[in-house]
There are 2 protein chains.
Amino acid sequence: MKKKPTIRDVAARAGVSIATVSKFINSTQRFTSAVERKVQAAIDELQYHSNPLARSMITGKTGAVGVVILDIGNPHFTNVVKGANRVALEHGYNLLFVDTDENQSREEELLDALSRRVDGLIVSTRMPEEQLDRLLASGKPVVLSGRVAPKGVPSIGIDAHAAAYMIGELLVKQGHRKIAYLGFAPARPDTERYRGLSESLAEHGLEVTRYEVGGPTIVEGERICSAVLLSKDKPDAIVCYNDMVAIGFMGGAKALGVSIPEDISIVGIDNIPFGRFTSPALTTVDVQSERLGEEGMRLLLRQIAGDAPPVTGHVAIEPRLVMRDSTRIRPPAAVAAPAKVKGRAR
Amino acid sequence: MKKKPTIRDVAARAGVSIATVSKFINSTQRFTSAVERKVQAAIDELQYHSNPLARSMITGKTGAVGVVILDIGNPHFTNVVKGANRVALEHGYNLLFVDTDENQSREEELLDALSRRVDGLIVSTRMPEEQLDRLLASGKPVVLSGRVAPKGVPSIGIDAHAAAYMIGELLVKQGHRKIAYLGFAPARPDTERYRGLSESLAEHGLEVTRYEVGGPTIVEGERICSAVLLSKDKPDAIVCYNDMVAIGFMGGAKALGVSIPEDISIVGIDNIPFGRFTSPALTTVDVQSERLGEEGMRLLLRQIAGDAPPVTGHVAIEPRLVMRDSTRIRPPAAVAAPAKVKGRAR
DNA sequence: GTGAAAGCGCTAACAC
DNA sequence: GTGTTAGCGCTTTCAC
């Protein structure tokens, strides 16, 4: 609990002025080697570390960047963080992150608190635009993640429409006809995912049945399972808002004795690492989570540096279909098809 | 990019002194309602937010606590964070966390940077003790997580010995005799886990074969799989350093055509949420990750408050066995048992 | 090369 | 009740 030494202590011990010490620490200037030695010695002996708060106050820079995530329990986000962390460190920045999931109510406050401690942030939030505006007006560089930003704010995300569209195409090609979407409306990307899927199906004269989960989580996917599987018009394929929902749903299905993909195909979005280890392995769309974080951080860092022309558009990362075992080609001679079904090729 | 208003701007606009504004913001004092109204109006019009850095510099408090984790990609740690976050928020603290995984080398620097921005931290690290000492000497309250702290530093973790011991008992009871441990020596809890398992087996006259994974991760579990399964003395049960390794191992086993638990039993430690959804569902030991975070944060907050007598010991959380489907009773008439095997009851 | 002095934005005595 | 003032620990002109 000893008091931390200040720059003054170092100066006194080294017999120089505090200005000299300051310049030495920041390598702003060189001194005679005698002086440098003395200062360095004093620093070592005192175990002096400069106080970043004081420095920040005056320079206006903190050397840290922040990432605000919705739910750190979702591996998609942790991978985004991993990616962001890597490039932040490469550029000499420390990454601080906060998880807003636990209390949406205090989100703005949390964000505000964080924004004052960093040089810029990557924000992933469901906040309405007008609240967002206040954050943006704060003058800190911000990159929005997972949603398209208003006005001239850079943002990054996957092409959610394309992701869902390719899922639609896959399922139709595999012979599925009754396709359901397990959506989570409050999430920003939900709309685009739903649209992408709908449009794909519409082009084949099909419609999507929408179900609403209570959150983009495993438990919610599990919870909604019975409602979907026991409905009188059971779908033959399910596309989930994300992998978490899909995994939960698969767990629920197993408990209900429904087998995947024999009875029903299921596909997620995100490509979280665990999708490979479910039973069956989850077919999904890779959104390149880590790259998302990396590119987002690059965007942010570029803004902070201010040298390059500020990027203001939306960067869309291309999704990629990941075929695994939770979907399969639906046998042409379908199950409980009652009357004459118009020819289903292949 | 407009300049942020300062307390002086507010004071000027409201026609009062900056001291008044300061006291008003912090509700340190009440004023005549006329004054309060004016000040509030000025704050609103200017969209003033006080600068926490400046405040921190003088009060010495930041209103934030930090958590340092080894790998945010491991759901065990994300759950610890969740728990810690919850109680931090309940107590009016913001939680910042950093992931040191990406560069162990800069860990100390990262830690130092973080420690200056928070009122205390929960640290989970593999740092040797002498490095740790320097951190502890910094005067910030610290709680060590996942290892027993030296001297009078509070620490928290599961009873790793007990966790591994109960796994040993289970496996022996189930009739397994050739038990292997997939350890990760650099991790602090590894030693205790290995010891717990060894002791349990020793009491039954058995020995544990130790393998070393390259990291406590899925990929490493997957990677080591063939070496273990294709060894000439294939074990009949594997206990893994943690669930991540176990999940990876199971994936590898599946690829090799080895079926679990028929051919080999496998058990993890941590009880990460995904363990329920692997195939088969993973038998593991619940370490109560969230509670670990919660209790750790309580310990920390108590230290920061300084009112209660400082806790200095090690808090051990009791582990609980979670039986699922990756282990099973081994048939008495064992597989390739060559000669007469002494009666194995049930 | 080196140091003195003026703050960064704010809080905390202490006066009035 | 309200204002004055002295810093928190540091950086940064600007003289010497």
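Lettering follows sequence order; numbering is per chain, from 1.
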Length of the [atom1]-[atom2] vector between [X] and [N], whole Å:
X     : N      : atom1 : atom2 : answer
A/I7  : D/dT12 : CD1   : C1'   : 12 Å
B/Q29 : C/dA13 : CD    : P     : 13 Å
A/M57 : C/dT11 : CE    : P     : 11 Å
A/F24 : D/dT12 : CZ    : P     : 17 Å
A/R8  : D/dG9  : CZ    : C1'   : 7 Å
A/I43 : D/dC10 : CD1   : P     : 11 Å
B/H49 : C/dG9  : NE2   : P     : 16 Å
A/L53 : D/dG7  : CG    : P     : 21 Å

Listed nucleotide nearest any side-chain atom of [X], set [options]:
X     : options                : answer
A/T20 : C/dT2, D/dC10, D/dT4   : C/dT2
A/V16 : D/dT12, C/dC10, C/dG3  : C/dG3
A/K23 : D/dT4, C/dA4, D/dT11   : C/dA4
A/T59 : D/dC8, D/dT11, C/dT11  : D/dT11
A/R55 : D/dT12, D/dC10, C/dC10 : D/dC10

Atom pair OG1/CD1 of A/T62 and A/I304 - distance to nearest 0.5 Å: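 Going from the OG1 atom of A/T62 to the CD1 atom of A/I304 covers 7.5 Å.
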Residue pairs, two or more places apart or on separate chains, that pass ring pair (Phe, Tyr, Trp, His ring centres under 6.0 Å) and touch residues 68-96 of chain A: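 Residue pairs with at least one partner in residues 68-96 of chain A: there are none.
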Between the first and last five pairs of the helix from C/dG1-D/dC16 to C/dC16-D/dG1, the angle of the axes, rounded to 10 degrees: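 The angle, to the nearest 10 degrees, is 40°.
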Would you mind classifying the nucleic acid contact of [X] as base, sugar-phosphate or nothing, using non-hydrogen atoms under 4.0 angstrom?
X     : result
B/Y48 : sugar-phosphate
B/T28 : nothing
A/T6  : sugar-phosphate
A/S50 : sugar-phosphate

Contact nearer the 5' end of DNA chain C, comparing B/I18 with A/R30: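 Nearest-nucleotide comparison on DNA chain C picks A/R30.
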Side-chain N,O (B/N26) to OP1/OP2 (C/dT11) below 4.0 Å: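 Checking C/dT11 against B/N26, a side-chain N or O does come within under 4.0 Å of OP1 or OP2.
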side-chain N/O B/S22 vs C/dT11 OP1/OP2, d < 4.0 Å: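 Yes.
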Heavy atoms of other groups near A/R126 CZ, more than 12 under 6.0 Å: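 Result for CZ/A/R126: enclosed.
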5′-ward residue of the pair B/I58/B/R116 relative to DNA chain D: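 The 5'-side residue here is B/I58.
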Whichever of A/A54 and B/F31 has its nearest DNA chain D nucleotide further upstream toward 5':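 Counting from the 5' end, the first nearest nucleotide belongs to B/F31.
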Plane angle bin for B/F97 and A/F97 - parallel if under 30°, tilted between 30 and 60°, otherwise perpendicular: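 Aromatic pair A/F97/B/F97 classed perpendicular.
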Can you confirm whether [X] sits close enough to [Y] that some side-chain heavy atom of one is under 4.5 Å from a side-chain heavy atom of the other?
X      : Y      : answer
A/L96  : B/V98  : yes
B/Y48  : B/I7   : yes
A/L132 : A/R147 : yes

B/R106 versus A/L89, closest heavy-atom pair with distance: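 Minimum heavy-atom contact is NH1-O, 2.8 Å.
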